[in-house]
2 protein chains.
Amino acid sequence: MTRALTRKGEATRARIVAGAAAEIRERGVDEVRLEDVMAHTGTSKGQLFHYFPDGKEELLLAVAQHEADQVLLDQEPMLSNLTSWPAWLAWRERLIERYRAQGVKCPLNGLLGQTGRRAPGAQAIVTGLMWRWQNAIADGVRHMQSTGDISGDVDADRAAAALLAGIQGGVLLLLSTGKTDHLEAALDLTIDSLRASARTQTWQVTTTSPGDGYAGSR
Amino acid sequence: MTRALTRKGEATRARIVAGAAAEIRERGVDEVRLEDVMAHTGTSKGQLFHYFPDGKEELLLAVAQHEADQVLLDQEPMLSNLTSWPAWLAWRERLIERYRAQGVKCPLNGLLGQTGRRAPGAQAIVTGLMWRWQNAIADGVRHMQSTGDISGDVDADRAAAALLAGIQGGVLLLLSTGKTDHLEAALDLTIDSLRASARTQTWQVTTTSPGDGYAGSR
DNA sequence: CGGTTTTTGGACTTGCAGGTCCATTTTTGC
DNA sequence: GCAAAAATGGACCTGCAAGTCCAAAAACCG
């Protein structure tokens with residue numbers, strides 16, 4: 001059932017998706033017409049409907065998947081290696097830097113609101129992204145628990161859920177305010193609270209905590 | 001410059017805004033046509049353009065303002081009286097209950113993505129809402145600091161920013177997952193961390209903390 | 001009352017963006 | 001090299017939803 005695609009065909013399809021994604025990032029979903037995509041990617045209407053027989057909806061879905069994958073890729077290799085506090089900080093830096101650069105141009109905000117309601121597939125893409133994201137964070141929390149850097153009392157999944165919520169909200173507020181303040185505050189305070197959990201536990205046992213050069217947020 | 005509006009006229013205008021808001025909440029911004037609003041509110045096209053000369057854009061802006069105000073109103077009187085831990089919990093409950101009831105139907109998500117890009121006014125409305133919201137939270141934090149329930153070391157504005165980010169992200173994830181788990185986790189963990197800050201400080205002074213019947217989240 | 005302004009109804013126009021179709025060119029695989 | 005399949009270009013169609021216009025009804029106010 002998979003449509004036969006020659007090498008050239010695959011290249012064209014990829015070019016369309018990438019071009020459409022760029023265009024959408026730049027000007028918003030509802031401002032982008034098929035004609036814009038054609039102009040921006042040097043393709044014709046025949047090509048668009050050749051590669052995306054269901055038209056705009058199918059194209060938007062492909063763009064959404066493309067962007068969702070990109071979001072996680074942009075966080076690697078940090079996200080998959082949250083194995084020490086410096087690693088967590090490096091991840092934090094990468095996130096903030098990435099979104100600061102992105103600024104107001106959020107690829108997924110529009111796609112959730114636009115396609116989300118009518119296309120059940122878009123919903124699935126976003127949900128899948130969030131699920132993978134949260135799991136990666138939870139894995140990081142569990143690793144830190146295994147090394148004693150985070151208290152075993154912490155519910156890793158719940159902590160990851162809270163952290164993910166903070167990130168999403170921070171990005172959402174970045175869209176409104178244009179500043180990364182909220183994202184930074186959410187990341188710092190949540191991570192700090194995880195660090196504090198270990199320190200509290202340590203106090204209960206030894207009355208001292210290992211100095212690691214980290215003195216709280218900011 | 002304010003257009004003369006008779007009593008009847010004002011009623012009609014309000015009916016249009018409320019009806020459009022309901023319709024948008026129910027089916028999403030981009031699915032609602034002016035014709036739908038007309039049918040749902042028992043008005044004619046002439047009326048729509050009589051009260052909103054700039055057409056759909058002006059109507060959407062009015063709806064956005066209406067919904068933004070409602071968001072804060074729904075949190076009263078709790079939001080303006082964050083003066084004790086039970087009060088904070090009551091606010092927490094109200095928030096979760098409200099958004100659980102709302103479910104996937106978010107009035108502002110679409111409005112930010114839709115009108116946000118083209119109408120600079122929509123951006124301002126959302127920004128204003130967030131600003132008022134965060135200030136209310138920050139006031140609550142400061143009050144708790146004045147009573148010693150939150151450590152004076154905490155940066156109230158920054159804590160409020162983080163909490164607001166958690167809320168926004170929690171709601172955003174509610175839109176994808178249909179569950180309030182993220183919202184609850186973000187609220188609980190952030191509030192707990194504020195409580196913990198006071199407890200830590202108390203320990204440093206007296207080694208005991210006043211039992212107030214609250215034993216952490218969940 | 002009566003003139004004026006506001007409110008209302010609905011037919012009509014218009015532009016445009018998504019989608020269809022097919023003829024032509026290029027690539028593929030033998 | 002040649003038939004089949006895939007890729008491409010672009011003219012054309014179509015439906016729809018925003019916006020226009022005006023005439024009739026109702027409300028306002030001295």
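Each chain gets a letter, A, B and so on, in the order its sequence line appears, and its residues count up from 1.
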Problem set entry | d(CG, B/D30; P, C/dG18) in whole Å | 13 Å
Problem set entry | B/T12 side chain near C/dT8 phosphate (N/O to OP1/OP2, under 4.0 Å) | yes
For this session: Please state how far atom CG in A/L48 lies from atom P in D/dA7, giving the value in whole angstrom units.
Result: 14 Å
Problem set entry | Between C1' of D/dA6 and CZ of A/F49, the distance in whole Å | 18 Å
Exercise. If we only count heavy atoms from C-beta on, is the B/V141 to B/L163 side-chain gap below 4.5 Å?
Worked result: no
Exercise. Starting at the 5' end of DNA chain D and moving along, which residue's nearest nucleotide shows up first, B/D54 or A/R7?
Worked result: A/R7
Exercise. If each of B/T6 and B/L34 is mapped to the nucleotide of DNA chain D with the nearest heavy atom, which maps nearer the 5' terminus, i.e. the 5' end?
Worked result: B/L34
For this session: Check whether any side-chain heavy atom of B/R98 lies under 4.5 Å from a side-chain heavy atom of B/V71, and answer yes or no.
Result: yes
Problem set entry | End axis versus end axis in the helix from C/dC1-D/dG30 to C/dC30-D/dG1, the angle rounded to 10°, five pairs used at each terminus | 30°
Seminar exercise, completed: In A/Q168, A/R158, A/Q134, the residue satisfying side-chain hydrogen bond (donor to acceptor under 3.5 Å, both in side chains) with B/H182 is A/Q134
For this session: Measure the distance from CG on A/L5 to P on C/dG29 and round it to the nearest whole Å.
Result: 13 Å
Extract from the structure each pairing of a protein N or O with an N or O of nucleotides 9-13 of chain D at less than 3.5 Å, listing the distance.
from, atom 1, to, atom 2, distance (Å)
D/dG9, OP2, A/Q47, OE1, 2.5
D/dG9, N7, A/S44, OG, 3.1
D/dG10, O6, A/G46, N, 3.2

For this session: Go through the steps for A/Q123 and A/T127 under the test side-chain hydrogen bond (donor to acceptor under 3.5 Å, both in side chains), then give the verdict.
Result: CA-CA 6 Å; A/Q123 189 90 346; A/T127 307; 5.2 Å; no
For this session: When you get a sec, tell me which of D/dA17, D/dA6, C/dT6 is the closest nucleotide to the side chain of A/H50?
Result: D/dA6
Exercise. Can you name the salt bridge (Lys or Arg N to Asp or Glu O under 4.0 Å) partners of B/R92, sequence neighbours left out?
Worked result: B/D188
Seminar exercise, completed: Separation of D/dT20 atom P from B/F52 atom CZ, nearest Å, is 16 Å
Problem set entry | N/O (side chain, B/Y51) to phosphate O (OP1/OP2, C/dT8) under 4.0 Å | yes
Exercise. Rounded to whole angstroms, how far apart are CZ on A/R33 and P on C/dC16?
Worked result: 10 Å
For this session: Specify the separation, in whole Å, of atom CD of B/E35 and atom C1' of C/dG10.
Result: 12 Å
Exercise. Under 4.0 Å between a side-chain N or O of A/K8 and OP1 or OP2 of D/dA7?
Worked result: no
For this session: Using the salt bridge (Lys or Arg N to Asp or Glu O under 4.0 Å) rule, take A/R142 and A/D139 through it: C-alpha gap first, then chi angles, then the decisive distance, then the call.
Result: CA-CA 5 Å; A/R142 280 189 213 98; A/D139 282 345; 2.9 Å; yes
Exercise. For the pair made of CE in A/M38 and P in C/dG19, what is the distance, rounded to whole Å?
Worked result: 13 Å
Problem set entry | Stepwise side-chain hydrogen bond (donor to acceptor under 3.5 Å, both in side chains) test for B/T180 and B/R100 | CA-CA 6 Å; B/T180 54; B/R100 176 175 291 147; 3.3 Å; yes
Seminar exercise, completed: CH2 (A/W88) and CG (A/L79) are apart, to the nearest 0.5 Å, by 9.0 Å
Exercise. Within a strict 4.5 Å, meaning less than it, do heavy atoms of the A/L95 and A/I167 side chains meet?
Worked result: yes
